[in-house]
Amino acid sequence: MRFAIARDSLLPRIALAVALSLLCAAALIALSGHNPFTAFAAMLDGAAGSPHQFGVALNKSTPYLLAGSGVALCFRAGVINIGAEGQIAVGGAGAAATALAWPIDSPLPAILLALAGGAVAGSAWAAVAASIHLARHVHEVLVTLLLNFVAVLLVQQALAGPLGEFGAGFLQSPKMPAPVWLPRAIPGLDAHPGFILGVVLAAGLSFLLWRTRFGFSLRVAGASRPAALYAGFSVARITWGVMLLSGALAGLAGGIEVLGVQRRLIEGFSLGFGFKAVTVALLGALEPLAVVPAALFVGLLEAGSLSMQRQVGVPSSMVAVIEGLTMLFVLAATVRRRTA
Amino acid sequence: MMDFLAAAIRIATPLLLAALGGILSERAGVFAVGLEGMMLAGAFAAAVTAWAADNFAAGILASIAGGALVGVMVAIVTVRMRADNMVTGLAVNILVAGLTSFLARSAGQGGRPASIHLTPLAAWPIPGLSDLPILGPLLFDHPPLTYLAIVACVLMTLFLGRTQIGLTLRATGENPEAVFASGGNPKLVRMLAVIACGGIAGLGGAVLTLQQVGTFTDNMTGGRGYLALASLIVGRWTPVGAAAACLVFGAADAFGLRMQTFGLPASSYVLQMAPYLIALLVLASLGRATRLPASIGRPLD
């Protein structure tokens, strides 16, 4: 159950897992009657062929990076939190609601307030999961999984009611006020600053994990619950800590998606984000800084898939095949072996 | 009213089959998060095979094989490789969603899925019984896979409660070391249980394509696998309990559809939430007494 990982031999194993899944994907593409090299070339071209497209890839990577580094922290502590899916949705709704309820004219405070609203909402949703898990001894995986569906439906309910745009015909909020739109801040690229923020926060989490007392305690709890208890660490406190942090990061991811990409809250805007965040966390070997390239990999795949479909005719659902296979191979390759 | 109950049973049928599969897997100690992918693989295999072979029986067999294939993947990664059950389940769900969509679209033209049109299986009224007032239309006037689900539910109850293999399976979920000590092979039991789970859940997917919709569309299970997971929790890991939960969820869904036709769309989201909230309530209110198999999710050495 624990994701205790031997750090020494990890990178080659993950590289092998990625290579294997790309190989399987190539075989599938070949079987479907296309040239896999042309398809991958089209994908690469669509993902990084121009500054604009690379910017799109960075934007796509951002929610995976933010939520994935939080998931990595939880898994390190042995808390299998798969609730990012719901926390992102609630975070997006929180940011949208904050921006609509308290309009501010100057951009910076407006953005900070709205993103804080998203982070608080995501954190609050994680707190619901943590309290049910800890108070009632319910398996955290079941709680976080079930709450995902409740969260997504709650957001839909909010869009059908108070947050919805009147007469829009489908479930979406009014357009966000212009001051909260995230600027295209990375010079030369068509990207919002979310990815940079994600890298900074991942570095912060890495510091927390490896250089602080709390990080040490959560690594001990992840490696061995009895050892953590023996050392006097409170597992409940650790669980609360990682859940609130990862909830805030997931909520932030939702908020950035709403303010920076969609510019309104749309039904299903974050569909699958939280589950992919788990992929990215595993691909990054549960090391927050290594989640950065992992998230970028998935973002590039997704940005490139559409042009692969357009140029070569290979269906873009190939991306989900690669993601699923990578996740399976990484799981198979990195789980702790029996040592004795 | 009869329409409403019949709709509840119709919605409950694929859920029940998936939940029955999930019970096998979870009672043997492996979380059944992969139900969604197993159902979707079954739905896809059933539609493609029934369409290509022009034969519904072939489609049904293919759905079992398709679901079981996903079960084999889950079994290898969770039981042999000792990976986390939940995350493996998520992984196969993503993989199957991508793979079925990819295959359907590769077979079609210009990125659109191949057009599959099947006439959904018609009801097989049981002679004599279907003429009974009230009970007749409710219980004895269904398409074949619905009868199959009901029979499977009874058989599963007998299997788990009354057979030696069923006992071994339950023991594997509670105390695998005891199974090992008494000469059994808990790893093998788990692997077979997960593969069987895949086959039965795949059959649940076939209900969607062969009996209800008549074609395959991307991600057409739409979360039913997770709903089945919730219903087996609410049913406390027993076939009859899960069947009751599926019927209640089916009724809630049918009720929501009714409300929509009466122009009350908003409340349907709250209704759709009910299964997950009830599952959480069951888990939280019973705490340690939920009958969650004791060794579930714990890898074996």
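All chains are named by letter (A, B, ...) in the order of the sequence lines, taking the proteins before the strands, and each is independently numbered beginning at 1.
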Requested in this report: Go through the side-chain N and O atoms of A/S305 and A/S316 and say whether any donor and acceptor fall under 3.5 Å apart.
Outcome: no

Query - Most contacts with chain A, counted as non-hydrogen pairs under 4.5 angstrom, among B/V74, B/V33, B/L103, B/L95 - result: B/L95

Requested in this report: Check each atom of A/L146 against the heavy atoms of chain B and say whether the ones under 4.5 Å are side chain, backbone, both or neither.
Outcome: both

Report summary line: Greatest number of non-hydrogen atom pairs under 4.5 angstrom with chain B, of A/T279, A/L154, A/L147, A/I132, falls to A/L154

Query raised in the report: Which is it for A/R136 and B/L283 under the side-chain contact (heavy atoms from CB on, under 4.5 Å) test, yes or no, and what are the steps along the way?
Result: CA-CA 8 Å; A/R136 303 299 311 166; B/L283 286 168; over 6 Å; no

**Report entry** Toward chain A, the part of B/I76 with a non-hydrogen atom under 4.5 Å
**Finding:** neither

Report summary line: The side chain to side chain contact (heavy atoms under 4.5 Å, CB included) partners of B/V48 (sequence neighbours excluded) come to B/F44, B/I116

Report task. With a 4.5 Å cut-off on heavy-atom pairs, point out which of B/G37, B/P275, B/A91, B/A230 contacts chain A the most. Result -> B/A91

Query raised in the report: Going by heavy atoms in the side chains, are A/L325 and A/L20 under 4.5 Å from each other?
Result: no

**Report entry** chain B contact via A/V150 - which portion, at a heavy-atom distance below 4.5 Å
**Finding:** both

Query raised in the report: So which of B/N93, B/L229, B/T100, B/L99 has the biggest tally of heavy-atom pairs under 4.5 Å with chain A?
Result: B/L99

Query raised in the report: Quick one: side chain to side chain contact (heavy atoms under 4.5 Å, CB included) partners of B/A75, sequence neighbours excluded?
Result: B/M191, B/V194, B/I195

Query raised in the report: For chain B, which of A/E323, A/R310, A/Q156, A/K276 has the most heavy-atom pairs under 4.5 Å?
Result: A/Q156

Query raised in the report: With no hydrogens and no angle check, do the side chains of A/S246 and A/N81 hold a donor and an acceptor under 3.5 Å apart?
Result: yes

Query raised in the report: Between A/I322 and chain B, which part of the residue has a heavy atom less than 4.5 Å away: side chain, backbone, both or neither?
Result: neither

Report task. Working to the nearest 0.5 Å, report the span between CZ of A/F170 and CD1 of A/I266. Result -> 7.5 Å

